[in-house]
2 protein chains.
Amino acid sequence: MIDDLHTLRSFVAVVDCGSVVAAARHRGYSTAAVSRQLGRLQRRLGVRLFEPAGRGIRATDEGRRLADEARQLITQVRIFEDAASAIAREATATLPAPKALSASDGSLLVTARTPSQ
Amino acid sequence: MIDDLHTLRSFVAVVDCGSVVAAARHRGYSTAAVSRQLGRLQRRLGVRLFEPAGRGIRATDEGRRLADEARQLITQVRIFEDAASAIAREATATLPAPKALSASDGSLLVTARTPSQ
DNA sequence: GATATTTACGGCCCACGTAAATATC
DNA sequence: GATATTTACGTGGGCCGTAAATATC
């Protein structure tokens with residue numbers, strides 16, 4: 001079960017950049033972090049995504065195919081986020097202002113529990 | 001930036017079930033966990049997703065709209081996972097057997113670093 | 001009092017960064 | 001020796017579950 005979108009973004013970045021170091025710089029991670037992300041993803045999917053090539057790595061055919069699927073998924077994420085942003089702007093009166101976001105842990109689902117119905 | 005699919009699944013579950021307790025049971029979480037997930041999601045999106053209704057809660061119009069978007073996103077996740085499974089089965093010879101998965105932390109990207117090219 | 005959501009508290013796991021090791025050029 | 005990936009190690013943040021608090025019926 002896929003749950004981590006960061007890893008998926010890094011995966012696509014590595015395929016696009018052609019190297020872990022370049023992808024890590026792009027994403028603001030250390031190279032070690034991205035290397036581990038790839039390893040975890042690879043194990044979870046059970047697919048060999050990269051193979052060594054000279055000093056670096058190169059995506060396998062399967063890796064490139066899955067990267068295409070991952071891009072579509074990321075596109076859908078973007079669509080969701082855009083929809084959320086649009087709704088947030090449109091209903092900016094409903095949540096007047098995030099104010100302080102005082103609660104450190106709380107959910108603040110209901111700020112003022114209005115009577116009912 | 002959305003990164004947590006667990007929360008999105010819980011969000012849809014709450015909208016579908018109509019209550020936090022039912023959704024939590026479905027997803028195998030405590031009610032407190034799901035309540036916090038909703039609160040975090042709501043803050044991150046800047047959208048009021050639920051409002052109190054009697055003893056429980058009820059999705060707002062915006063919440064229902066975003067739940068629809070979330071369902072599409074989750075569908076795309078399913079598509080990605082299915083593609084990965086298909087590729088994993090198809091190329092089951094490339095990764096002969098997960099064997100022991102001995103490494104506790106390592107990425108195992110390259111099990112045997114073959115010469116080059 | 002029963003049901004439902006939220007908050008407080010404590011703890012654990014996971015993923016990260018730094019640094020060292022390994023490998024190719 | 002320089003570049004690139006991986007591994008070892010320690011640490012901090014995030015998320016969870018339990019339990020208590022709050023609110024509605």
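Naming convention: chains lettered A, B, ... in sequence-line order (proteins, then strands); numbering from 1 in each chain. Note: hydrogens, waters and symmetry copies are ignored here, and every other heavy atom, side chains too, is used.
In terms of phosphate contacts, A:S35 brings a side-chain nitrogen or oxygen within less than 4.0 Å of OP1 or OP2 of D:dT6. Look at B:Y29 and you won't find any side-chain N or O under 4.0 angstrom from OP1 or OP2 of D:dG17.
Shown here for A:H6 and A:R27, the closest heavy-atom pair between the two residues is O-NH1, 3.1 Å. The nearest pair of heavy atoms linking A:V15 to A:R71 is CG1-NH2, 3.9 Å. Among all heavy-atom pairs drawn from B:C17 and B:A22, the shortest one is CB-CB, 3.8 Å. A:A88 and B:L45 get closest at one heavy-atom pair: CB-O, 3.7 Å.
The distance from atom CD of A:E51 to atom C1' of C:dT24 is 16 Å, rounded to the nearest whole Å. To the nearest angstrom, P of C:dG17 lies 14 Å from CZ of A:R25. In this structure, B:R43 atom CZ and C:dT6 atom C1' are separated by 12 Å, rounded to whole Å. If you measure from atom CZ of B:R9 to atom P of D:dC16, you get 14 Å, rounded to the nearest angstrom. The CD1-P distance, from B:I57 to D:dA23, rounds to 17 Å in whole Å. Atom CZ of A:R27 and atom P of C:dG17 are 11 Å apart (whole Å). The CG atom of B:D3 sits 12 Å away from the P atom of C:dA15 (whole-angstrom rounding). Between B:R40 atom CZ and D:dC15 atom P the separation is 4 Å, expressed in whole Å.
Scanning atom types as modelled, one donor and one acceptor separated by under 3.5 angstrom connect the side chain of A:R36 and the base of C:dG17.
Listed nucleotides C:dC16, D:dT6, C:dT5 differ in distance to A:Q37; the shortest reach to its side chain belongs to C:dC16. Taking only side-chain atoms of A:V20, from C-beta outward, the nucleotide of D:dT5, D:dC15, C:dT5 with the closest atom is D:dT5. Comparing atom distances between the B:V21 side chain and each of C:dA4, C:dG17, C:dA8 picks out C:dA4 as nearest.
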Paired and unpaired positions of DNA chain D as dot-bracket, Watson-Crick or G-U wobble under 3.5 Å, | denoting a partner strand: |||||||||||||||||||||||||
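Within the nucleic acid shown, B:A32 comes within 4.0 Å of at least one base atom, counting heavy atoms only. B:R44 comes within contact range of the sugar-phosphate backbone alone, with a heavy-atom separation under 4.0 Å but no base atom that close.
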Atom pairs under 3.5 Å: protein N/O with N/O of nucleotides 1-3 of chain D:
{"from": "D:dT3", "atom 1": "O4'", "to": "A:R55", "atom 2": "NH1", "distance (Å)": "3.2"}

For a quick test of your reading: what N or O donor-acceptor pairs under 3.5 Å do the side chains of residues 77-84 of chain A make, sequence neighbours left out?
{"from": "A:E81", "atom 1": "OE2", "to": "B:I2", "atom 2": "N", "distance (Å)": "2.7"}

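Between B:I87 and A:R65, the closest side-chain pair of non-hydrogen atoms falls below 4.5 Å. The shortest side-chain heavy-atom distance between B:V34 and B:H26 does not fall under the 4.5 Å cut-off. Within the 4.5 Å cutoff, no side-chain heavy atoms of B:L49 are placed close to those of B:V14. Using a 4.5 Å heavy-atom threshold, the side chains of B:D4 and A:L5 count as separate. Taking 4.5 Å as the limit, every side-chain heavy atom of B:F50 sits out of range of all side-chain heavy atoms of B:V20.
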